[in-house]
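Structure, as structure tokens:
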Amino acid sequence: MRNERDAAPRERSDFVREMVREDLRDGKYHEVVTRFPPEPNGYLHIGHAKSVVLNFGVAEEFGGRCHLRFDDTNPETEEEEYAQSIMRDIRWLGYDWGEHLYHASDYFERFYGYAVELVEKGLAYVDSQSEEEIRESRGTVTEPGRDSPYRNRSVDENLDLLGRMRAGEFPNGAHVLRAKIDMSSPNMKMRDPLLYRIRNAAHYRTGDEWHIYPMYDFAHCLEDAIESVTHSLCTLEFENNRDIYDWVLENVSVPKPRPFQTEFARLSLTYTVMSKRKLLALVKNGRVSGWDDPRMPTLAGMRRRGFTPKAIRSFCEQVGVAKTNATVEVERLEHAVRDDLNTKAPRMMGVLRPLKLVVESWPADEVEWLDAPLWPHDVPKEGSRKLPFGRNLFIERDDFSKEPPPGFRRLSPGAEVRLRHAYIVRCTDVVEDEEGRILEVRAVHEPKSSSKSGKSGRKAKGTIHWVCADKSVEIPVRLYDRLFTEAYPEADPERSFEEYLNPASLETLAARCEPALGELTGGDHIQLERQGFFVADPVDAKDGFLVLNRTVPLRDSWARQSTKSEAGTRKETRQAESNDSKEKGVGGARRAKAPRKRAKDDSSRERAALSPQAATLRDEHGLGDEQARVLASRPELLRFFHAALGGGASPRSVARWVVNELAALAKDRGIEGLAFGPKDLGELARLVDEGVMNLRAARIVLEEMALRKESPLEVFQRLGLQGAVDETTLDSAVREVLEAFPEELARYRDGKKGLLGFFLGRLMEKLGKGADPKKTREVLGRHLDP
RNA sequence: UGGGGAGUCGUCUAACGGCAGGACAUCGGCCUUUGAAGCCGACUAUCCAGGUUCGAAUCCUGGCUCCCCAGCCA
């Protein structure tokens with residue numbers, strides 16, 4: 001039943017959803033509760049959007065719910081304004097937490113109760129060392145820490161101190177509450193982590209009620225447990241914190257079933273930075289106009305930039321969820337934006353850098369109002385606007401060239417071009433000033449080529465946009481580009497990311513636009529044909545004032561092509577340099593690449609010679625080098641090997657089972673957790689040696705044996721693995737399989753030999769678990785290549 | 001050099017011992033009153049080395065590289 005290839009496309013899945021599905025199936029939970037837990041100390045960015053989409057998405061798909069919970073445990077950085085912006089952004093993205101809005105600060109009293117519980121159990125203590133002493137006695141990653149002199153205070157003293165900390169009797173830093181775990185734990189996070197610190201500061205919600213505030217590691221797991229969260233999804237850097245998460249929940253009385261933490265990779269994007277700290281720095285240093293500057297990767301910025309919630313959501317879904325640290329190319333986001341806007345943004349015309357075009361054949365005082373559709377032929381939407389045409393027009397400076405490069409399909413002396421939605425014109429003259437700057441272009445129009453006359457029989461090789469000079473409106477336009485010049489602005493540890501700010505990330509111009517543009521209101525999306533998608537800035541749109549922000553330019557294969565041919569002469573040199581620059585390039589684009597290549601060289605070294613013990617093992621028992629090496633280095637496997645010997649199987653086969661199969665099984669359960677012993681394994685090896693069962697069947701048997709105490713032969717018989725298949729049944733089975741997959745067969749005969757495995761797989765399925773793969777393959781081979 | 005994670009086209013991501021697939025990017029072509037969109041095609045990948053297996057991206061062993069952890073931040 002693996003023929004999903006022809007079935008409906010598999011629903012989008014990832015390791016998180018798979019885990020949730022299993023948990024539900026296994027009855028670990030009966031409902032799914034996730035949460036999005038921002039700290040209100042900054043604005044949400046596209047990285048948070050990934051988490052929002054994941055958490056709300058998973059909850060929705062499994063019929064559960066997702067909580068919005070403010071993780072507001074640090075009074076010094078958090079503000080109501082941030083909380084408001086976060087809620088606004090999540091709603092804008094299209095998600096609704098319903099009644100499930102929570103605050104860690106609402107749980108402060110309960111946290112305190114749990115702290116008291118830990119103290120009473122002797123699992124937490126008040127430490128009165130200075131911050132410095134605590135840091136110093138924590139040890140390093142390679143050296144264990146030392147116990148605090150206050151570690152063994154009595155429960156009563158701890159309780160007393162903790163109560164007075166709460167009451168505000170001490171200055172900041174005088175004491176902390178710590179969990180009593182293990183100062184020599186290899187996991188730094190488990191070296192008596194801090195649970196509470198004194199902060200004599202006003203909290204934006206609880207005011208002066210508290211003088212102690214819980215730390216993340218103490219609070220977060222409790223928040224999840226209190227809310228009956230099932231799947232606590234967080235980013236990879238919290239992997240080390242998972243041990244404390246579990247420790248706390250195992251040691252206090254929280255509702256069951258308790259939540260479990262799972263980590264996934266946070267989102268990084270090229271040409272930007274994504275940490276709140278760095279974004280805050282950009283704001284504070286005035287590098288951008290604020291958190292909602294359209295160049296910022298914040299949701300507020302993207303909204304002003306004209307990105308749509310739908311685009312951001314589908315982008316997040318497309319990049320997927322995994323555990324690999326990865327940086328997504330910003331082009332992917334841009335693609336999602338264009339894809340959405342393509343069917344949502346009506347088309348209009350505006351000239352960014354105007355050049356006067358005089359249609360000499362058109363009467364000076366005559367204006368024709370054309371009817372121009374708002375949508376291209378492939379967007380199934382109705383609607384049009386009135387577009388004035390006259391003698392004096394503006395066209396884009398880039399759309400005229402006195403000496404056109406090859407392939408130029410726009411206006412040039414003597415050449416014809418179509419004016420979008422209007423007439424074909426031919427350039428008759430160019431007016432320049434003394435320095436050769438082009439002042440205006442003159443042309444004549446072809447009256448019979450009007451767009452409204454349908455197929456006029458005339459074709460121009462290109463089409464350009466334009467506006468009527470007298471009837472146009474001037475609108476300020478902001479052209480946004482990437483905020484940084486480097487794909488990985490944080491890659492160089494020697495330099496600040498701010499050194500890579502793109503000086504040209506914002507260009508403001510006064511565009512000449514067709515009259516319909518004047519009707520726009522804040523938040524409206526449009527496409528300026530041939531240029532890009534734009535949005536009427538929703539923040540600056542006040543009192544009838546209008547500014548257009550360029551959301552994203554259109555793809556421009558001409559620009560790509562022309563820069564390429566411009567650089568044509570340099571091409572060879574660049575090619576020659578490319579190896580060199582790849583090695584030392586500043587661009588982090590290659591930063592993961594270079595080391596990878598190096599790895600290849602390093603590991604192709606000869607492997608160290610066999611140890612004396614391994615050599616003895618090999619010679620005494622006739623083992624392979626690899627088998628001997630593994631056995632010699634794993635005492636528990638070696639013991640098992642020796643104990644399994646003597647049952648009649650060849651030492652080499654026994655070694656094979658021990659080294660390959662036993663090692664794998666013992667990985668999760670441990671050798672002691674296995675239901676079989678050395679003798680059983682030896683017997684299995686013998687049965688294979690003697691041809692009673694084939695290797696494939698034996699592996700299935702072994703898996704069963706690991707779970708339940710049962711002899712190899714018993715399992716073998718119980719599962720009906722004796723697959724003595726005679727030639728004729730084999731033959732007809734092969735025929736049937738080949739007939740069932742005619743397409744694959746054709747491709748195989750066409751040279752796609754990899755399909756042999758595909759057929760064999762199907763065959764083995766058909767023949768049952770006991771079938772002998774060698775024999776089956778032989779017969780299959782005869783049919784495939786007669 | 002302690003512990004915890006991760007390595008699949010340029011980029012992101014699938015394949016749960018059986019056809020290395022998709023998307024973005026790139027490059028061609030078709031179409032075109034947007035050099036857009038759309039359509040068609042091409043290109044390029046399993047970190048390395050051994051081993052097990054009829055068959056390995058997947059299992060075993062070893063190595064390499066990258067990320068995270070020594071805040072009274074989250």
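Chain naming here is simple, since letters A, B, ... match the order of the sequence lines and numbering starts at 1 in each.
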### Query
Please walk me through it: do L638(A) and R634(A) pass side-chain contact (heavy atoms from CB on, under 4.5 Å)?
CA-CA 6 Å; L638(A) 185 59; R634(A) 300 270 299 266; over 6 Å; no
### Query
Between rC31(B) and K459(A), is there an OP1 or OP2 to side-chain N/O distance shorter than 4.0 Å?
no
### Beyond-backbone contact of L756(A) with R777(A), side-chain heavy atoms, under 4.5 angstrom
yes
### Task
Kindly indicate, with the supporting measurements, whether the criterion salt bridge (charged side-chain N to carboxylate O under 4.0 Å, His left out) is fulfilled by D750(A) and R747(A).
CA-CA 5 Å; D750(A) 220 43; R747(A) 282 201 290 143; over 6 Å; no
### Query
Starting at the 5' end of RNA chain B, which residue's closest nucleotide do you reach first, A265(A) or Q627(A)?
A265(A)
### Query
Are E133(A) and D127(A) close enough that some pair of their side-chain heavy atoms sits under 4.5 Å apart?
no
### Task
Indicate whether OP1 or OP2 belonging to rA37(B) is found under 4.0 Å from a side-chain N or O atom of R555(A).
yes
### Query
Can you tell me if E239(A) and Q261(A) form a side-chain donor-acceptor pair at under 3.5 Å?
no
### Query
So what does G754(A) touch, heavy atoms closer than 4.0 Å: a base, only the sugar-phosphate, or nothing?
sugar-phosphate
### Query
Choosing from rG21(B), rG35(B), rC72(B), which nucleotide comes nearest the side chain of E131(A)?
rC72(B)
### Task
Give a yes/no answer on whether the side chain of R197(A) brings an N or O atom under 4.0 Å of OP1 or OP2 in rA74(B).
yes
### Task
Provide, to the nearest angstrom, the distance between the CZ atom belonging to F533(A) and the C1' atom belonging to rU34(B).
10 Å
### Task
Send over the distance from L695(A) CG to rU53(B) C1', rounded to a whole Å.
7 Å
### Query
OP1 or OP2 of rA23(B) less than 4.0 angstrom from a side-chain nitrogen or oxygen of R332(A), does that happen here?
no
### Message
Can you tell me whether the base of rG50(B) sits syn or anti, using the 90° cut around 0 to define syn?
### Response
anti
### Query
Hey, does M215(A) reach any base, or is it just sugar-phosphate, or nothing, if we go heavy atoms under 4.0 Å?
sugar-phosphate
### Task
Answer with base, sugar-phosphate or nothing: what part of the nucleic acid does V321(A) contact at a heavy-atom distance below 4.0 Å?
sugar-phosphate
### Task
Round to a whole Å and report the spacing from CZ of F170(A) to P of rC72(B).
19 Å
### Query
Heavy atoms under 4.0 Å, any strand shown: does Y196(A) hit a base, just sugar-phosphate, or nothing?
nothing
### Query
Would you say the base of rU33(B) and the side-chain of R418(A) have a donor-acceptor pair closer than 3.5 Å?
yes
### Task
Would you kindly give the CZ-to-P distance between R199(A) and rC73(B), to the nearest whole Å?
4 Å
### Message
What residues from residues 136-143 of chain A pass a heavy-atom cutoff of under 4.0 Å to RNA chain B?
### Response
R138(A), G139(A), T140(A), V141(A), T142(A)
### Task
Please state how far atom CG in L333(A) lies from atom P in rA25(B), giving the value in whole angstrom units.
12 Å
### Task
Please tell me which of the listed nucleotides, rU33(B), rC19(B), rG18(B), lies nearest to the side chain of L755(A)?
rC19(B)
### Summary
Residues passing the ring pair (Phe, Tyr, Trp, His ring centres under 6.0 Å) test with F170(A), sequence neighbours excluded, are H175(A)
### Partner set under salt bridge (Lys or Arg N to Asp or Glu O under 4.0 Å) for D625(A), not counting sequence neighbours
R618(A)
### Query
Base, sugar-phosphate, or nothing: which does D378(A) touch, judged by heavy atoms less than 4.0 Å apart?
base
Just list the side-chain donor-acceptor pairs under 3.5 Å for residues 328-336 of chain A, sequence neighbours left out, or say none.
residue : atom : partner : partner atom : Å
E334(A) : OE1  : R482(A) : NH2          : 3.3
E334(A) : OE2  : R482(A) : NH2          : 3.3

### Message
Considering every strand and a 4.0 Å limit on heavy-atom distances, what is the contact class for K189(A): base, sugar-phosphate, or nothing?
### Response
base
### Message
Could you tell me how far apart K461(A) (NZ) and rG35(B) (P) are, to the nearest whole angstrom?
### Response
13 Å
### Message
Quick check on RNA chain B: between R530(A) and L760(A), whose nearest nucleotide comes earlier from the 5' end?
### Response
R530(A)
### Task
Check every atom of rC73(B), rC24(B), rC19(B) against the side chain of K752(A) and return the nucleotide holding the closest atom.
rC19(B)
### Task
For the side chain of M188(A), starting at C-beta, report the closest nucleotide among rC72(B), rG2(B), rC19(B).
rG2(B)
### Task
Select base, sugar-phosphate, or nothing to describe what E237(A) touches, counting heavy atoms under 4.0 Å on all strands.
sugar-phosphate
### Row check, Y748(A) ring normal vs K753(A) NZ/CZ: under 6.0 Å, within 45°
yes
### Message
Holding to ring pair (Phe, Tyr, Trp, His ring centres under 6.0 Å), I want the full list of residues that pass it with F759(A), two or more places apart in sequence or in another chain.
### Response
none
### Query
Is there a donor N/O on one and an acceptor N/O on the other, under 3.5 Å, for the side chain of R410(A) and the base of rG35(B)?
yes
### Task
Please check the phosphate of rC24(B) (OP1 and OP2 only) for any side-chain N or O of H335(A) closer than 4.0 Å.
yes
### Query
NA contact type, T73(A), heavy-atom cut-off 4.0 Å: base, sugar-phosphate, or nothing?
sugar-phosphate
### Query
Picking from rC19(B), rU34(B), rA74(B), which would you name as closest to the side chain of E744(A)?
rC19(B)
Under 3.5 Å, which protein N or O atoms sit close to an N or O of nucleotides 56-60 of chain B? Give each pair with its distance.
residue : atom : partner : partner atom : Å
rC60(B) : OP1  : K667(A) : NZ           : 3.0
rC60(B) : O2'  : V659(A) : O            : 2.9

### Query
N241(A) near the nucleic acid: base, sugar-phosphate alone, or nothing, with a heavy-atom cut-off under 4.0 Å?
base
### Query
Taking CZ from R266(A) and P from rC66(B), how many angstroms apart are they, rounded to a whole number?
20 Å
### Message
So, OP1 or OP2 of rA36(B): does either fall under 4.0 Å of a side-chain N or O from S557(A)?
### Response
yes
### Task
Indicate, with a heavy-atom threshold strictly under 4.0 Å, whether G407(A) touches base, sugar-phosphate, or nothing.
base
### Task
Rounded to the nearest angstrom, tell me the gap between atom CD in Q527(A) and atom P in rA37(B).
10 Å
### Query
Between the side-chain atoms of N325(A) and the base atoms of rC66(B), is any donor-acceptor pair under 3.5 Å?
no
### Query
With F640(A), which residues qualify under ring pair (Phe, Tyr, Trp, His ring centres under 6.0 Å), at least two apart?
none
### W657(A): ring pair (Phe, Tyr, Trp, His ring centres under 6.0 Å) partners, not counting sequence neighbours
none
### Query
Which residues pass the salt bridge (Lys or Arg N to Asp or Glu O under 4.0 Å) test with R69(A), sequence neighbours left out?
E223(A), D224(A), E227(A)
### Task
Could you give the distance separating rG63(B) and rG7(B) at their C1' atoms, to the nearest angstrom?
14 Å
### Task
Measure the distance between the ring centre of Y216(A) and the centre of the six-membered base ring of rA74(B), then answer whether it is under 5.5 Å with planes under 30°.
no
#### Entry: Sugar-phosphate only, base, or nothing, as touched by H377(A) at under 4.0 Å among non-hydrogen atoms
base
### Task
Give one of base, sugar-phosphate or nothing for S275(A), where a contact means two heavy atoms less than 4.0 Å apart.
nothing
### Task
Looking at every strand, decide which applies to E396(A) at a 4.0 Å heavy-atom threshold: base, sugar-phosphate, or nothing.
nothing
### Message
Distance criterion of 3.5 Å, no angle test: do you see the side chain of R747(A) paired donor-to-acceptor with the base of rC19(B)?
### Response
yes
